[in-house]
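See below for the structure under consideration.
Worth saying up front: this structure is predicted, and the values here are computed from it rather than measured.
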Amino acid sequence: MAEQETKPKIFSECLFTFIPCKELTEGLINELSQSIEKYGGKVLPAKRGRSVPLREVTHIIANSIDFPQYTEATSMMIPVVKSKWISASLAKGRQAQIRPFTPDPRMIFSEVVLSCADIPPTDKEAIIGATMAMGGMDSDNVTKLTTHICALSMDHPKCQLAVQKRLKCKIVLPHWFDDCFKLGKRIDEGPYLLPDPEYLRANPEDAIKIPSSQHLEGATSAQPDYLPSPSADFAGARPTLTVFDGVKVMLSADLSIRDRLIEIIRGLIKSGGGEMVDDVEACDWFICQYRDGPQYIHASQSGKTVGNLSWLYYVITHNDWTSPLKRLLHYPVPRDGIPGFKGLKITVSNYGGEARIYLENLINATGATYTKTMKCENTHLITARKSGEKSEAAKDWSIKMVNHLWIEESYAKCELQRETEDRYTHFPACTHLGEIIGETFFDEKNLRTLYFPGGPGKLTPLTKRKRKILDKADENSYSEGPAEGVTVGRQRHKDFNVMTDTDAEYAQKTTEAFGVPAPAKRRATTQFTTPAKGRYVRTGKENETPSTVSSASRSAKDKALNRLSVLAPDIALYEKEKKRGLKDGHGLWGGKRAADFIDRENLNRSGSSPAASEEKDGKADKRPVKKARPTLPDVNMRVVLTGFQRWVNDKHREDADRKKLRDLGIAVVLDGQPCDYLVAPHLVRTVKFLRNLSKGATIVSSSWIEQCLDKKQLLDPQDYVLKDEENEQKFGIKLATSVQRARENKGRLLWNIPIYCTNNIKNGPAGYQAIAEANGAIFMIYGTRSGTTIKPTKPEEDEGGPDPVYLLSNTSPEEKKLWKKFETMATNGNMEPRIVAADWLLDVVMNQEVTFDEKYLVTNFFN
């Protein structure tokens with residue numbers, strides 16, 4: 001009994017309620033309830049589907065914000081925290097902070113307790129500041145509560161301590177935080193874990209397993225084809241749908257569903273205690289397909305739950321309420337798409353399964369056109385990784401390449417987002433972005449502004465209350481920064497009056513009662529008679545992070561934030577001064593240069609007379625002017641040399657000749673750069689020759705360069721156009737004809753033709769790749785471990801006949817084993833396999849005309 005009395009009453013004066021979900025089971029709720037009651041708190045039992053008496057409770061324990069009364073709770077500033085908040089409070093011996101345990105998914109580092117090891121000071125401050133801004137906490141020391149140690153190696157004492165004590169914290173590279181910051185999403189730490197992080201040793205081209213799309217269940221389409229079966233949680237027949245208890249549902253006419261399906265839905269709703277109505281004013285849930293029409297606008301303005309058929313099916317399948325704003329395709333779609341998307345052609349790469357179906361439907365919902373294959377007329381490529389044949393082709397064709405966050409956030413914010421944003425073009429090396437697909441949800445303020453502004457002419461008392469709740473919740477949330485839209489509740493106590501207490505009084509009272517100061521009020525509510533929009537600039541304590549220690553000392557979190565806030569004005573001033581130009585020879589941009597100038601001025605004033613100063617100034621004015629360097633003539637022509645014998649084994653002569661040519665206006669450029677002339681002694685099948693022939697460059701004899709050097713003057717290159725009848729007859733071409741065809745082809749001779757090459761081909765695949773890609777081909781290496789890179793296609797699914805696909809190979813035993821596998825892959829994709837010698841590619845490019853003869857087949861060519 002004595003022990004019971006000495007236990008600290010951590011939760012005294014607190015009344016809790018729980019929101020059950022998959023992660024927060026009845027067993028866990030009972031266990032946590034016992035701990036709460038043991039330490040002075042009370043628990044108000046809550047049942048699934050029943051409303052919570054918000055005016056009575058002080059804390060809501062929920063591992064998700066997806067419950068009907070969350071908005072109302074935020075409007076009343078009631079703290080909504082994860083279940084781990086209780087464990088953290090018990091470990092600390094006092095109530096833990098609210099902010100790090102908010103279930104709002106926008107706080108991506110919620111529950112993260114970070115301790116930095118061997119990180120440079122500037123990087124350390126940046127990581128700590130950003131982590132705290134996104135819901136995390138900082139700890140100077142490694143404790144049992146530490147969840148992450150940020151380190152570059154395992155040599156630091158903090159890392160060694162964690163290993164010795166077998167702490168459950170994860171030791172990660174700072175690159176993990178950087179990638180999370182850039183994406184605005186929390187990705188898996190696995191590839192970044194020390195002591196052997198995959199991030200530092202993996203090849204970006206290595207295959208990564210496509211993760212399951214856990215956030216897309218039942219939300220891949222806005223127009224479902226059928227009513228899904230009950231969730232796996234319900235064995236046997238479909239249970240009674242308690243989610244409809246007391247709910248009035250209205251189905252809009254724009255759903256275009258058959259009468260039989262309507263009757264099935266009506267029966268399910270009625271058996272669950274609900275009712276189907278035909279009046280939008282009387283309904284609680286309004287189900288429609290499009291975001292337009294008087295009924296949609298009235299229901300939205302009245303604060304009713306508005307979703308589409310896909311959302312209704314999800315609720316029926318899981319027998320649990322979820323917000324239709326949580327998943328993008330659970331809300332009615334815009335009839336005319338999102339402004340700016342019409343005319344865009346978008347394709348997808350590196351996403352599979354439900355994620356691919358989801359993106360296809362999301363693209364169509366924006367008003368853009370989805371294409372299964374990528375062509376040069378495509379405008380965007382949405383990819384999960386910056387690798388693969390589509391990604392390579394997108395670079396060559398100047399197609400904009402983004403991740404799925406671009407299309408999701410454009411749809412959620414109802415406007416086309418700039419593709420150049422860093423978060424849309426960031427692809428972590430060892431992470432498949434499919435793991436964070438489906439986490440984006442709607443911005444309700446944008447929906448209201450664009451689709452249902454204002455309000456109905458006559459508001460009912462219930463509608464007035466709902467509108468006031470929405471406005472108050474918006475007022476209580478952060479209006480800017482990483483936590484924009486997030487609301488953090490405030491602790492309550494019977495002695496507190498949140499309406500009249502000043503910020504200082506409230507902070508002092510909560511510190512005395514709970515050991516921590518509560519978040520300051522966002523604004524004095526007595527200043528307004530109606531809810532007002534949040535200001536853009538906030539000052540005072542509302543921007544400070546509550547301390548986890550007594551008010552007599554400052555925590556590491558406060559220090560980190562203070563350091564950043566103190567440095568910010570200095571950084572801004574430094575940038576401003578650095579950009580300031582010299583004005584009339586007297587302007588200084590600051591720093592050491594300005595300090596040295598002041599020191600010299602002081603020294604001159606104390607040690608020199610005015611006359612001496614004038615004499616010095618006079619001498620300075622007579623400073624000799626530097627002689628201007630001679631300028632080189634403009635470049636008149638750029639040339640690429642191949643097979644040029646004059647410079648073989650003579651580097652000094654080459655350098656001297658290059659300078660002479662540059663003085664004549666001739667620039668010798670590297671292969672791959674734009675050029676006007678290709679210089680060669682005769683027809684050759686080198687990589688340089690064939691690549692530059694493909695560009696349509698004029699081919700001249702090497703004697704032109706030699707004559708220019710010998711005569712030290714620029715000669716007309718047209719007088720030295722290459723003529724080589726012997727090799728023209730040998731290769732079966734006319735050089736002038738090939739050059740003319742190349743200029744007409746414009747590098748698209750082999751456009752979109754897939755050409756595979758074995759890894760062990762003679763001379764290696766690199767040269768053939770350069771030649772093929774210079775002519776627009778899709779080039780890929782094919783080996784024993786190569787997977788299927790041709791999509792299986794039935795003949796009836798293909799618009800035209802089977803297209804050819806080539807494999808460059810020889811007749812070695814190792815390569816013969818690949819032939820059957822390649823032929824099967826091509827046949828399954830409704831393509832004609834052609835296994836040829838590399839000479840086919842060389843002859844086609846040399847002739848600048850796509851032809852095929854069976855003599856190039858490996859079975860014929862090497863016999």
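A donor-acceptor pair under 3.5 Å is formed between the side chain of Thr379 and the backbone N or O of Lys345. For Arg741 (side chain) and Asn847 (main-chain N/O), a donor-acceptor pair under 3.5 Å exists by modelled atom type. When atom types are taken as modelled, the side chain of Asn446 and the backbone of Lys413 share a donor-acceptor pair closer than 3.5 angstrom. With hydrogens and angles ignored, the 3.5 Å screen pairs a side-chain donor or acceptor of Arg743 with a backbone N or O of Gly696. In this structure, Glu823 contributes its side chain and Pro833 its backbone to no donor-acceptor pair below 3.5 Å.
The aromatic rings of Phe181 and Phe177 are tilted relative to each other, their planes meeting at an angle between 30° and 60°. Ring geometry for Tyr782 against Phe822 counts as perpendicular: the plane angle is over 60°, on a 0 to 90° scale with 30° as the lower cut.
Heavy atoms from other residues, nucleotides or ligands lying under 6.0 Å from CD of Gln673 number more than 12. Shown here is Glu377, whose CD atom has more than 12 heavy atoms of other residues, nucleotides or ligands within 6.0 Å. For NZ of Lys342, the number of neighbouring non-hydrogen atoms (other residues, nucleotides, ligands) closer than 6.0 Å is 12 at most. Surrounding CG of Asp634 are at most 12 heavy atoms belonging to other residues, nucleotides or ligands under 6.0 Å away. Annotation: Gln713, atom CD; neighbour count of heavy atoms from other residues, nucleotides and ligands within 6.0 Å is above 12.
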One pair to check against salt bridge (Lys or Arg N to Asp or Glu O under 4.0 Å): Asp839 and Arg685. What are the steps and the verdict? CA-CA 10 Å; Asp839 290 65; Arg685 295 200 305 182; 3.0 Å; yes
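The side-chain hydrogen bond (donor to acceptor under 3.5 Å, both in side chains) contacts involving residues 385-398 comprise Thr347-Lys390, where partners must be two or more places apart or lie in separate chains. The stretch residues 421-437 participates, sequence neighbours left out, in these salt bridge (charged side-chain N to carboxylate O under 4.0 Å, His left out) pairs: Glu409-Arg423, Arg418-Glu421.
Side-chain contact of Asp671 with Asn692: a donor-acceptor pair under 3.5 Å is present, judged by distance alone.
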For residues 730-740, please give each side-chain donor-acceptor pair under 3.5 Å, one per line with the distance, not counting sequence neighbours.
from	atom 1	to	atom 2	distance (Å)
Ser738	OG	Lys734	O	3.3
Ser738	OG	Met846	O	2.9

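In this structure Asp716 satisfies the side chain to side chain contact (heavy atoms under 4.5 Å, CB included) test together with Gln718, Asp719, sequence neighbours excluded. Residues satisfying the side chain to side chain donor-acceptor pair (under 3.5 Å) criterion with Arg662, sequence neighbours excluded, are absent altogether. Residues meeting the side chain to side chain contact (heavy atoms under 4.5 Å, CB included) test with Leu857, sequence neighbours left out: Val836, Phe852, Glu854, Thr859, Asn860.
Screening Thr383, Ile363, Thr371 for a side chain to side chain contact (heavy atoms under 4.5 Å, CB included) with Val348, the sole residue that qualifies is Ile363. Evaluated for a ring-ring contact (aromatic ring centres under 6.0 Å, His included) with Tyr806, the options Tyr756, Tyr856, Trp840 yield exactly one hit, Trp840. Tested against Val402 for a side chain to side chain contact (heavy atoms under 4.5 Å, CB included), the candidates Ile382, Leu381, Ile346 yield a single pass: Ile382.
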